[in-house]
Amino acid sequence: MASEEEIMYAIMNGINFGGAKKKREEDPNKVKTKARIKSYKTGAHKSGAAKHKAEIRQRVKNRASQRKGR
């Protein structure tokens, strides 16, 4: 059980359950790339679901109604 002094300290100052999150410094030499994002969209990372979605996107893109303005 906590002592009365500890209880009064908690009442007056509050309770801290965890420290603040440390800010991560951005590495200025890091290269930002969209290559990985593109591979996920096209299913190149060997995910069956992503390949299936990529096929559906391709079929939609190739529809006659989608190619009118081209």
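Sequential numbering from 1 along the given sequence is applied to the chain's residues.
Taking each heavy atom of Ile15 and Ala10 in turn, the nearest pair found is CG1-CB, 4.0 Å.
Screening Arg59, Lys53, Glu55, Lys61 for a side-chain contact (heavy atoms from CB on, under 4.5 Å) with Arg57, the sole residue that qualifies is Lys53.
Atom CE in Met8 sits 10.0 Å away from atom CG in Asn13 (nearest 0.5 Å).
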